[in-house]
Every structure is written in structure tokens, then in C-alpha cells.
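Here is the structure we will look at, set down as C-alpha cells.
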Amino acid sequence: MIKKRMISAIKPSGHLTLGNYIGALANFVKYQDDFEMIVFIANLHTITVPQEPDELRSNLEEAAILYLAAGLDPAKATIFLQSDVHEHAQLGHILQCFTYLGELNRMTQYKDKVAKGETNLGVGLYTYPTLMAADILLYDAQFVPVGIDQKQHVELTRDLAERINNRFDKELFVIPEPLLEEVGTKIYDLQDPSKKMSKSDVSDKGCIYLMDDPKKARKKIMSAITDSYDTIQYDPEKQPGISNLLVIAASLKKVSVDTILMETQGMRYGDFKKYVASIVEETLTDIQSRYQDIKAQNVLNEVLSEGALKARSIASKKLKEVQSTIGIEL
Ligand code: ATP
Ligand code: MG
């Protein structure tokens, strides 16, 4: 049976968070058996906001090792560094030429920053959704597992693919579909549950990093913002803090929120937090122990260069087909 192809990535724009794990990494691992999984480290996307080279390098290495520590297996999944496959940037340029300014103006990442009054924004941030479209379309990926924050970009990718297919009257690109999980598509900040947990936001207390000392992560859960209802219910509107903790526990235990509700029935908030904290502590301890093993094995360069080789063999064919279709090569 031919497996369907799936592609996704994470930016090494900081230390990976529990949100990245639940919303992205853990799903990559889950899907690697049933899909042809292509996952990369989105380093070109990372530089759309200013980065310190040493810090970026170290985040990049950490992210790549975390891919493996989370359970991605290079024998099953193609794992590589985005900049190692030059076709991404080249198709990115081509797609920009088919994208309207109005479409990019509507993209939330850029719009939010403008609304916040941020100035000196780079053009790369503005055009990054087109690079992301290239990341996906280069591989004829059918599915893109993402958190809810990325859905809009997959929709733009679909629009571009359809536009170009129609313009040249052929099935040049596969139209990808976003794949959203039922739970965990958005993990919230523990101190401000109206905000997404994000690696590039400075909210140390509200954000759990996968490489946090597990004891420290435990404390962060224990001091998570809750409410005064004193009852454990899944109600993201009224009880966003408690609901967030329920989703974290359910996702990490790979069970439904209802199952967690049953297990924690009647608990006081303090005991409920202890329950969630233990699950988080255990998850981090496991990941970090594998992280240390993988780091000691010194296999990263080999994994990434083999991954790039495999990725390039698909990407270069697609780019050639695109270039010849649009008439820029003989
Ligand atoms: P940044 O703040 O730099 O944008 P990020 O934490 O949002 O970082 P990304 O690299 O933008 O991470 O996203 C990588 C993947 O992780 C995407 O699939 C995204 O949907 C998912 N993701 C990010 N944050 C969360 C979250 N809080 N909950 C669930 N999924 C998330
Ligand atoms: Mg993001």
C-alpha cells in the first residue's frame, strides 16, 4: 500500500515548548508509521525575526535532537534542515510571484505585529507564508499536521496550488489538507490562558520548555492560574486555566479529556495540579533522558545529511517540473 505523504516543521526560534510537543512533535511521531512523514527544522523561517547566531545554532541543535528524543525515527521519517534543501527558497520565490499583496496582508502573524505597533518588520516575515507554501507543495504532501495557529497558512497554500494548477491547466501541485487533532491544537500560557504558549514569547513562568528541569516544570504547573469555581470541568470559556491543564494531561496520557475528568473527579485544585504536574514531570524526564543518550551518540549530522539527500531527491524533481511548466527553463 502506498502511504500518504505528510509534511511539517518547527522553527528553532527558541527552546521547544510543551505546546510544540503536544501540538506538533507528538503527532509527527504518532503518524510516522502510517504516513510517509517528512519533517524539517524550519531555520529559514526562524530568521524572519532577528536572531543571535550562536543562540540560533544552539536552538537548532536542540530542536533536532528533540525530534529524535520525542521518538521520530530516521528510518521511518525524513528529517532534515530546511536550508540544506535549496529548492525551498527557490520555489518560495516562484510562489511569491503568484501571491497577491492582499493575501499576505491578511496573514495573522504579520497583521498582529503591525497591530501591536511593531516597526522595522522584515520583508521575510511578510512573505513567510509563501515560503511555507513552498515547503508543502515541493513534496506533493497530502496532509500537514499543524496547531490551529497554522491553519490559515495551509489555506493560503491550497489557494496558491489551485491558482497555479488552473493557470497552467494541469495537476502540478497536490492540494494539501491541514490535519488538526481533536485535542491539543492550542496549548495556552499557564499564567495567561488567553494566550498561546509560544517559544518566542518571553513568559518563562507560563511556558514549559521541553528542556526545563522537570522539577521546575512541576512548579510551573503548581502555580498555573486557575479560577474560583472550585470544580474541575472542561469549559474553555469560563475556566480556561483548568481546561488547559485538562488538555495537557489528556494529550500527554493519550486519553480523552473525559477520561481525565473521570480520574480527577472531586479533587481539589491543589491535588488536580499535582496530578497534572506528575504527568508533565514524567514526560519531560523521559524525553530528556533520551535526549542525553542521542547527544552522546553524536549522530545528528549523519541523520540530517541523509534526510536532506532524501528530501532533495523529491524536491528537485518537483522544482524542475514547476520551472518547466511556467516556462523559465528549457
Ligand atoms: P514562535 O513563537 O516562534 O512562532 P511557536 O511555539 O509558535 O514559535 P512554531 O515553530 O511557530 O512554534 O510552530 C511549530 C508547530 O507547533 C506548529 O505546528 C504549531 O501549530 C505548533 N504549536 C506551536 N505552539 C503551539 C501551542 N501552544 N499549542 C499547540 N500547538 C502549537
Ligand atoms: Mg508560531
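FYI, side chains are in, hydrogens and waters are out, and symmetry mates aren't considered; it's all heavy atoms of this structure. Just so you know, residue 1 is the first one in the sequence shown, and it goes up from there. Note that ligands are numbered from 1 as they come in the structure, with each ligand's atoms numbered from 1 the same way.
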field: Q32 versus D73, closest heavy-atom pair with distance
entry: OE1-N, 2.9 Å
- request: Quick one: list whatever passes salt bridge (charged side-chain N to carboxylate O under 4.0 Å, His left out) with E329, sequence neighbours left out.
  value: K320
- prompt: What does the list of residues with a heavy atom under 4.0 Å from ligand 1 look like, ordered by chain and number?
  reply: A9, I10, K11, S13, G19, N20, G23, A24, V146, G147, D149, Q150, G184, T185, K186, I187, K196, M197, S198, K199, S200
task: Compare all side-chain heavy atoms of I7 with those of V39 and state whether any distance is below 4.5 angstrom.
output: no
message: For Y31, give me all partners under side chain to side chain donor-acceptor pair (under 3.5 Å), at least two apart in sequence or on another chain.
response: E181
- prompt: Can a salt bridge be assigned to the pair K196 and D149 using a cut-off of 4.0 Å between side-chain N and carboxylate O?
  reply: yes
task: With sequence neighbours left out, write down each residue that passes side chain to side chain donor-acceptor pair (under 3.5 Å) with Q191, or none if nothing qualifies.
output: none
